[in-house]
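Labels below follow one simple rule: chain letters A, B, ... track the order of the sequence lines, proteins then strands, and each chain is numbered from 1.
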Amino acid sequence: MSLLRVDELRVDVDDKTILNGLSLAVDAGEVHAVMGPNGSGKSTFANVLAGRPGYDVTGGTIAMDGADITELAPEERSHRGLFLAFQYPVEIPGVSNMEFLKAAVDAQARIRGEDEPSAPEFIGRARDAASRLDLDVDFLKRGVNDGFSGGEKKRNEILQMLLLEPRLAVLDETDSGLDIDALQVVAAGINAFRDEGNAVVLVTHYQRLLNYVVPDRVHVLTGGRIVRSGDRSLALELEEKGYGWLDA
Amino acid sequence: MPDQDTLQDLVGREHAATGSDYSAGFVTDIEADTLPPGLDESVVRAISTKKEEPAWMTEWRLDAFRRWQEMHAPRWAHVRFPDIDFQAISYFSAPKGDAPKSLDEVDPELLRTYEKLGIPLHERARLAGVREEDMPEVAVDAVFDSVSVATTFKDRLADAGVVFCSMSEAIREHPELVRKYLGSVVPKPDNFYAALNSAVFSDGSFVYVPKHTRCPMELSTYFRINAENTGQFERTLIIADEGAYVSYLEGCTAPMRDENQLHAAVVELVALDDAEIKYSTVQNWYPGDDEGNGGIYNFVTKRGACLGERSKISWTQVETGSAITWKYPSVVLRGADSVGEFYSVALTRNFQQADTGTKMTHIGPRTKSTIISKGISAGRSQNSYRGRVRMNPGAKGARNYTQCDSLLIGEQCGAHTFPYIESKLPSAMVEHEATTSKVSDEQLFLCQQRGIDPEKAVSMIVNGFCRDVFRTLPMEFAVEAAKLLEVSLEGAVG
């Protein structure tokens, strides 16, 4: 059974069809890259997986571990282990990063019937994760994304992923706007996260992240559907020839 | 974090079984001695007689009453309500029987009421399983309708020289202080409701902290309106003598009733040289039902006078209750280098209306004031900040900083800001910053995506918005305030 299975997904935004029969299956232990030109529906795909309001699913299904999640609320998908790293992380002034992370981890623990981690235990985990991502400890005390640089926001998304330990991580253009050092730090975070029990969907425009996070499969999304799938070499071919090559 | 049931409801927050989220809305069945509705001089005299007041006090009341009769209810606030029929209100209601002389004599039914509200009216450790030294001790004066029913820790406070008692007792036991300061900060004809209060006030708290004394514990008053068709008119007077410090907390609740009830209090604070008074309110009067029926009209005059040099008065308020709130805790900065602060969180939802803010009047040189106001509107409510900063000609080197932020939840509510700046001194520094924002769909989605349910998310976002104010509250009060907001916000999403 696939960890994530998307079948013939159709999605409208403001009465315009964006996804038009997208199908994809991702097994546990795998990293898939979904690539495509601007406007191909990549971010729509990432957001629809997470259940963001404003996207109208007109057909098809999304299933995790065989269970249909197409109609579930965003927090219910999260409770099943779905995580979305945002392309443009929003700011929540006055709510410290630490407080936000603890609330999220506590909510997840409650759903699983586990004990919430104690404050000292959680602070320890958060500090470890922050230092792995080259983030200063003070970073955890600041308001969520409040005044963060673009690179800090992206690293903060990865930090949240490491602490929440999702089953399925969907990373929406996490590589965009990162300099090469930050890209390597983020890639190291993703590589540390991957294991046999989880899966990663990398949504990206460029293949450069794939130099550091080697995908098992690469898919090309254009016109709202997957038009080609292959192994890593497909990404390299795309980089060389451009997305226009697919139309030829 | 220790178990926080402690002051669990200085603000009355447990969920009632009825499904309503106003947990303090029950009625205590107790025999009361209540004056019939109506107001004339004989009623004023009757209140004074019931309280066995000296003649000077009776005259003081009558003078206030005569002035009140010549005044008109103010109409400038951004609130709407039908005219109040002052002849339909009863001005005095007290539990029957002689005033209890000690805690042991308090009617068990009353003790149960306060227990239900989470207010400790006993002096032992309040929570099983919590070491006593971990619990901050709080002395409580409990005011039930028109009278103070109990004041705790009086002996311990007396050892430190601190007077903490009901206003009735203060009039009898400390007439020199009362005569000197009562009405000195809020004069009888200050405004319509203050004049009314001066005529008919029934009880309230009195605090005197002597020179160079730090009050050994937090003081608090818990106001409870119980009787039907009764107004509550309490009077509080706090005097911090030279170099004294006191922190005072105020909480309030009332039963759910379909009629509106009037609460018109007056609070006066006096700080002499180097004294500091910190006054915190968590106001949770019954706000009315979700269709706008019933609820308390909270028309309150609160003012502090920094008479002494380097004195400081700090108001913090968390306003979540009342159908209509109309209050402006203010500071008159007379002493040189004195400091006034106002920190406010006002949350309105359903059909609630709030017109609240502060007045900072700078008279002495180098006086400083800070105003931080956070207004949160949800439902169909209207939330207004109204503030006045005045710099008198003698206030050389005076400074004010005002920050006024509004947060909107939903599409049908309103937020308004009415700042007035009157400077007769070109060199004075007055800064005003204002923002209006919304709880955005993006913020909500981020929280939900991380597994946090939407109501919890909104309360977290709102708490973050209020952080600057909550950090000024005593710790256990801050926890309560955050929880109260959480409960008040339930149903605000969607």
With a 4.5 angstrom heavy-atom cut-off, which part of B:C447 approaches chain A: side chain, backbone, both or neither?
both

Go through the atoms of B:R450 and report whether side chain, backbone, both or neither lie under 4.5 Å from a heavy atom of chain A.
both

Donor-acceptor list for residues 55-62 of chain A side chains, cut-off 3.5 Å, not counting sequence neighbours:
residue: A:T58; atom: OG1; partner: A:R10; partner atom: O; Å: 3.4

Residue selection (most heavy-atom pairs with chain B, distance under 4.5 Å) from A:I92, A:L84, A:L101:
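Looking at each of A:I92, A:L84, A:L101 in turn, A:L84 comes out on top.
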
Select one option (side chain, backbone, both, neither) describing which atoms of [X] are under 4.5 Å from chain B's heavy atoms.
X	answer
A:F100	both
A:E91	backbone
A:V105	neither
A:R77	neither
A:I111	neither

Heavy-atom pairs under 4.5 Å with chain A, option from B:R467, B:Q449, B:Q443 with the top count:
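Heavy-atom pairs under 4.5 Å are most numerous for B:Q449.
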
Report the option among B:A457, B:C466, B:G451 that has the most heavy-atom pairs separated by less than 4.5 Å from atoms of chain A.
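The residue among B:A457, B:C466, B:G451 with the greatest pair count is B:G451.
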
Are a donor atom and an acceptor atom from the side chains of B:N400 and B:T402 found within less than 3.5 Å of each other?
yes

Decide whether B:S344 and B:S373 meet the rule of one side-chain donor and one side-chain acceptor closer than 3.5 Å.
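No pair is found: no donor N or O on one side chain lies under 3.5 Å from an acceptor on the other.
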
Is the B:F342 to B:W315 ring centre distance short of 6.0 Å?
no

Determine whether more than 12 heavy atoms belonging to other residues, nucleotides or ligands lie under 6.0 Å from atom CZ of A:R125.
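Count over threshold, so yes.
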
Please state whether the rings of B:Y385 and B:H432 are parallel, tilted or perpendicular, taking 30° and 60° as the class boundaries.
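B:Y385 vs B:H432 ring planes: tilted.
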
Test side-chain contact (heavy atoms from CB on, under 4.5 Å) applied to B:K327 - qualifying residues, sequence neighbours left out:
B:T281, B:N298, B:V300, B:K302, B:Q317, B:E319, B:T325, B:P329, B:T356

